[in-house]
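To start, the structure itself, in structure tokens.
Start at 1 and go down the list; that is how both ligands and their atoms are numbered. As the structure is a computational prediction, the values presented were derived from the model and not from experiment.
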Amino acid sequence: MSSSSSFSSVSVMSSRIIDTTCAYCGVGCGMTAEVENQSIIALTGDTHHPANHGRLCVKGSTLADTVRTEGRLTQPSVSGQPVSWNEAISTVAKGFSDTIARYGADAVAFYVSGQLLTEDYYVANKLMKGYIGSANIDTNSRLCMSSSVAGHKRAFGSDTVPNSYEDLEQARLIVLTGSNTAWCHPVLFQRIKHARQKNPELKVVVIDPRETDTLAIADLHINLKAGTDVALFNGLFNYLVQQDRLDHQYLHDHVNGFEQTQTQLAGQQRSIADVAQQCDVDENRIQQFYDWFTNTEQVVTCYSQGVNQSSRGTDKVNSILNCHLITGRIGKPGCGPLSLTGQPNAMGGREVGGLANTLAAHMDFKEEDIATVQQFWNSPTIARQPGLKAVDLFSAVDSGRIKAIWIMATNPVVSLPNASIVSRALQRCEFVVVSDIVAQGDTSAFADVLLPAAGWGEKDGTVTNSERRISRQRRLLPSPGEARPDWRIICDVAIAMGFQQGFEFNSPADIFREHARLSGYQNHGQRDFDISALAEISDGEYDTLMPVQWPVNQQYPDGCKRLFKAGGFFTPNRKAQLIATTCHPPQYATDQEYPLQLNSGRSRDHWHTMTRTELAVTLNRHRSEPWVEIHPDTAVQYGIEAGHWIRIDSQWGNIRVRATISKRIRPEQIFVPIHWSRQLANSAWLGAVVNPAVDPFSGQPESKHTPVRICSWQPAWQAKLLTRKALPLPAVDYCVRERTSFGFIYHLAGDETIDHWQSWLFQQFSDIPGGLQVVTQRNAEPMTLRLSLLHQQQLFAALLVQQHDPFNRQWLTELFNRSTLDGEQMAMLLSDDEQLANDPGETVCSCHAVGKNTIINAIQSQRLSSEKEVGHCTRAGTNCGSCLPEIRALLQAQQGLMMELENT
Ligand SMILES: Nc1nc2c(c(=O)[nH]1)N[C@H]1C(S)=C(S)[C@@H](COP(=O)(O)OP(=O)(O)OC[C@H]3O[C@@H](n4cnc5c(=O)[nH]c(N)nc54)[C@H](O)[C@@H]3O)O[C@H]1N2
Ligand SMILES: Nc1nc2c(c(=O)[nH]1)N[C@H]1C(S)=C(S)[C@@H](COP(=O)(O)OP(=O)(O)OC[C@H]3O[C@@H](n4cnc5c(=O)[nH]c(N)nc54)[C@H](O)[C@@H]3O)O[C@H]1N2
Ligand code: SF4
Ligand SMILES: [Mo]
């Protein structure tokens, strides 16, 4: 609630202490920043914030490293030419107004993002729906949360997350399905880990076709065949019915459709054996999961993209909600379904109606809602029907139906499925406006108008996390150059389009008050989203607003932890609706031509298209190149070895990435991370490979399942180019850029033999310093070439061309970090093969830069058996703890090896 307690902006000597919220995931951790001389000198977890109680993950704790001026977009431009803000705003306003005048309101579109603040999002939605009069505004949340939204609405009549994070501490069983919590919601993972330490009875079940680091806290893994979640949860529904473990009172009082659903589901997954067969999981595991679920009152089921990103995502969600509803396990301490949202403000976007099929303040395109919103906005027009959802929206751009688009805070050329169509669409589109914080991006490359936005730490507003908690993000620093907050840019364009009356906001607080007022307007308890108690807060109260969970209204003046314990759903008869779901195969099935399933998702230390995490050297250490995870049997079948390149082809596109061979993946699947854009890698454009199938209810793309074929790719050569300077990506068949403490490493490979490496190397630098000394060493067998460029005795660039991979990055980094190299070091640069081969390996602990090989060596040589011992010996895992699951997996693997050795 609004209060003026401890937090906010406090001056300490010359520095200021400011509380804010993390820029990344939907956990929504509170942070405390110490700011001095316009820079962040310390950033720690806010011990008072209820989401994290002081904890941060590795991305959060390195956030300050990403707040840089390097690479920022600092000035508006039109057709590539820098212009003033006035000119940029009038160009955008005219572009949209002219298009609307000629072709109508539906010929324009906005594509926005769960990374906008609520206030930005509110005005974008208001402009499109209430003033332009079209609902062609959709958001990247379509790719992220829309199946959860659709599932919630079908079951609850509203998009409500019923529970709170503290239910994780109160649960006796936590089911994590389609969620790599360890990597994607790390602070919740830590909370669960602590809860288990405190309460050894707490069981954790992980449901995922892959073995992920989340298994470090699991008592049971259901490694189901991809896409069979509905069979698993319908089987559970039937089991609960058979065992008569229903909450009959709750069912009677608060739930619709039990008889009908029961009858329909009884025909499917009748026995555990049926489920085991359909999901291709060991029967005992299913039995164990069902028994735990049946016999535990306090169950929380958390779910994320393995559930949502499916052509059956909404049904997956409802099959989970059904099980909670029939057992009455919802909205009570320690029990309920908990959708883990991805982006920091995925929830805020839903609240303001950022999706094309919602209106504002959780209202829809029902006649009475349309009238309510228009009346409240007093707007000249209003959209009367849903607009196009993301995938269809870009198809409409491609076909020319949409002629002008404004993209804000998202990178669709990288992140949408069938992305080569997205890039073609933007190429064809008459008028493309992009608001972003970085100057160069795969999407901004198509912009006619580029608008520099203020980034995290440079603007004020609110975000809502996965547990409905609204928190303030606060301005810590000035923006570089002319960058402006998104809300301001949107309002300026609206005013330039002639919509003075609706957009004369002076501050985010102004916008927030209007948003809060709308949530209560003609609500009368009919809509879940109601923060009307905040509608009159003063600017000062907004500044000091403490994290609070909505609803915040007359009934719940201090916010509300849980909903639906006593029913009160938002359907016409206030009862929840059960949905009889059926397990269908994915829309595009594998076949002889494309026999493998491509699964995709996240890496621990990177965020989406890496425009920010790439800037933190620390975060580049965990994985330096994109990879594909592949089962050993599949690798043998295709003649692939670890570290080799694989070409992956789908009907839609292809990529080349290197193989990581692991039993953690099912043989019929491969897994590729989503992060590397074309700014950083020239052959890892995953979006172009992903199929365009979408869920019929939510329109959410099926990002986790594309039929593909693979083959090994054996380039003629491979190389590492280490340099102090960033280069345009060299035009070779495979190239990935990695940021390091001294500059960059380019990981390279190619089919075409290069005869003159020295001239090739010089060609890569546009302005190479004069007086370079070239040091070369070439071996015929095995073929290796080392070519170093020294500038005044300092190492400027080093090229290692060799047939095999090992290279000692630590040693080379040390050489780069020296201001001059002495004769001995120069000689070593040429000759010390052992040094080159002694590689600490892929980084496990980013905070202390400890490599996998270092940890394995320590485990083996010192017979370490716990994460703590590894921490003592190597420092790995002793700071933020994000890598502890990986250390544990290494310990387990090494202990397994040692036992095998002892047994032989
Ligand atoms: N480090 C990091 N953290 C992030 C992000 C990031 O970019 N980097 N992004 C944030 C965002 S926006 C989001 S949406 C979240 C996503 O968070 P998560 O959903 O946890 O992450 P993903 O890796 O996309 O997918 C989760 C898991 O779903 C599994 N899966 C695939 N198919 C199926 C299936 O058919 N059934 C089941 N049960 N599981 C399946 C995958 O194997 C994968 O391990 O992460 C947020 N947090
Ligand atoms: N194959 C596959 N595809 C996926 C997924 C998957 O699992 N598999 N996951 C999907 C999911 S869940 C998501 S959420 C999407 C994410 O995909 P995107 O939203 O496309 O990814 P981001 O890199 O987060 O893009 C954010 C952009 O906004 C810019 N930006 C940052 N801050 C600001 C700001 O304050 N204002 C403005 N105007 N710009 C800013 C950044 O520089 C960046 O260009 O990817 C989706 N795509
Ligand atoms: S868990 Fe999410 S919100 Fe918390 S610090 Fe990490 S990335 Fe930020
Ligand atoms: Mo997401």
Side-chain angles (χ1 to χ4, degrees), residues 21-29 31 45 51-52 55-61 63 113-117 120 140-141 143-145 176-181 183-190 207-210 212 214 222 224-229 232 303-310 316 340-344 346 408-417 434-438 441-444 451 453-456 458-459 465 485-486 489 598-613 665 669 671-675 677 686-687 689-690 701 703-706 880 882:
T21 310
C22 180
Y24 299 118
C25 84
V27 177
C29 296
M31 301 180 139
N52 56 319
R55 297 182 180 96
L56 291 180
C57 76
V58 65
K59 292 187 300 303
S61 51
L63 187 52
S113 163
Q115 291 167 77
L116 290 173
L117 303 179
D120 304 325
N140 64 358
S141 283
L143 323 178
C144 183
M145 301 315 307
L176 301 171
T177 178
S179 159
N180 186 4
T181 326
W183 281 13
C184 300
H185 296 94
V187 165
L188 294 185
F189 178 84
Q190 290 178 32
I207 304 171
D208 192 313
R210 289 194 305 150
T212 63
T214 304
I222 306 279
L224 82 183
K225 188 169 113 188
T228 58
D229 305 62
L232 182 70
Y303 55 94
S304 196
Q305 300 315 343
V307 168
N308 292 332
Q309 287 173 340
S310 156
K316 287 188 184 186
L340 300 182
T341 55
Q343 300 178 89
M408 306 174 204
T410 176
N411 199 350
V413 171
V414 189
S415 53
L416 270 168
V434 174
S435 304
D436 207 294
I437 58 167
V438 296
D442 289 3
T443 301
S444 9
L451 303 173
W456 177 86
E458 298 160 8
K459 56 184 189 174
N465 74 1
D486 288 287
I489 304 173
L598 170 68
N599 180 2
S600 64
R602 284 148 180 85
S603 184
R604 192 190 74 193
D605 291 2
H606 277 302
W607 178 260
H608 297 167
T609 72
M610 284 165 71
T611 62
R612 289 177 289 168
T613 46
I665 188 141
Q669 267 212 339
F671 177 89
V672 177
I674 59 174
H675 307 286
S677 72
L686 177 71
V689 180
V690 174
S703 321
K704 299 284 186 256
H705 192 287
T706 300
C880 77
S882 287

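- The atoms of ligand 2 that sit less than 4.0 Å from any heavy atom of Val690 are 1 (N).
- Heavy-atom proximity to atom 29 (C) of ligand 2, evaluated over Leu451, Asp442, Asp436, Val689, is greatest for Asp436.
- Counting atoms of ligand 1 from 1 in the listed order, those under 4.0 Å from a heavy atom of His606 are 1 (N), 2 (C), 6 (C), 7 (O), 8 (N).
- Once rounded to the nearest 0.5 Å, the distance linking CH2 of Trp456 with SG of Cys22 reads 7.5 Å.
- Ligand 2 does not have Ala346 within reach: every non-hydrogen atom of the residue lies 4.0 Å or more from it.
- Counting atoms of ligand 1 from 1 in the listed order, those under 4.0 Å from a heavy atom of Thr177 are 38 (N).
- Heavy atoms of Trp456 stay at 4.0 angstrom or farther from ligand 2.
- Of the N or O atoms in Lys225, none lie within a sub-3.5 Å distance of an N or O in ligand 1.
- A donor atom on one side chain and an acceptor atom on the other are found under 3.5 Å apart for Ser179 and Thr181.
- Judged by the shortest distance from any of its heavy atoms, Lys459 lies inside the 4.0 Å radius around the atoms of ligand 2.
- Nearest non-hydrogen protein atom to atom 3 (S) of ligand 3 is Cys29 N, 3.4 Å.
- For atom 2 (Fe) of ligand 3, the nearest protein heavy atom (residue, atom name, distance) is Cys25 SG, 2.3 Å.
- For Tyr24, no heavy-atom contact with ligand 1 is shorter than 4.0 Å.
- For ligand 1, the polar-atom distance check finds no N/O of Gln309 at less than 3.5 Å from any of the ligand's N/O atoms.
- The distance criterion of under 3.5 Å between nitrogen or oxygen atoms is met by Asp229 with respect to ligand 1.
- Contact annotation: for Thr410 versus ligand 2, heavy atoms closer than 4.0 Å belong to both the backbone and the side chain.
- When Asn308, Thr706, Ile437 are checked for heavy-atom proximity to atom 32 (N) of ligand 2, Ile437 turns out nearest.
- Interface atoms of ligand 1 facing Cys144, defined by a heavy-atom separation under 4.0 Å, are 14 (S).
- For atom 25 (O) of ligand 1, the choice among His675, Lys704, His705, Met610 with the nearest heavy atom turns out to be Lys704.
- Between Met145, Arg602, Gln343, it is Arg602 that holds the heavy atom closest to atom 12 (S) of ligand 2.
- With atom 7 (O) of ligand 1 as the reference point, the heavy atom nearest to it among Arg604, His608, Gln669 is part of His608.
- In this structure, Val414 has no heavy atom closer than 4.0 Å to ligand 2.
- Side-chain N or O atoms of Lys225 include none that pairs as donor or acceptor with a backbone N or O of Pro209 at under 3.5 Å.
- Nearest protein heavy-atom neighbour of atom 6 (Fe) of ligand 3: Cys57 SG, 2.3 Å.
- Pairing each heavy atom of Cys144 with each of Asn308, the nearest pair is O-ND2, 3.2 Å.
- At least one N, O or S atom of Cys22 sits under 2.8 Å from atom 8 (Fe) of ligand 3.
- Against a heavy-atom cut-off of under 4.0 Å, Lys316 is close to the following atoms of ligand 1: 34 (C), 35 (O), 36 (N).
- In this structure, of Cys184, Cys25, Cys57, Ser703, the residue bringing a heavy atom nearest to atom 21 (O) of ligand 1 is Cys184.
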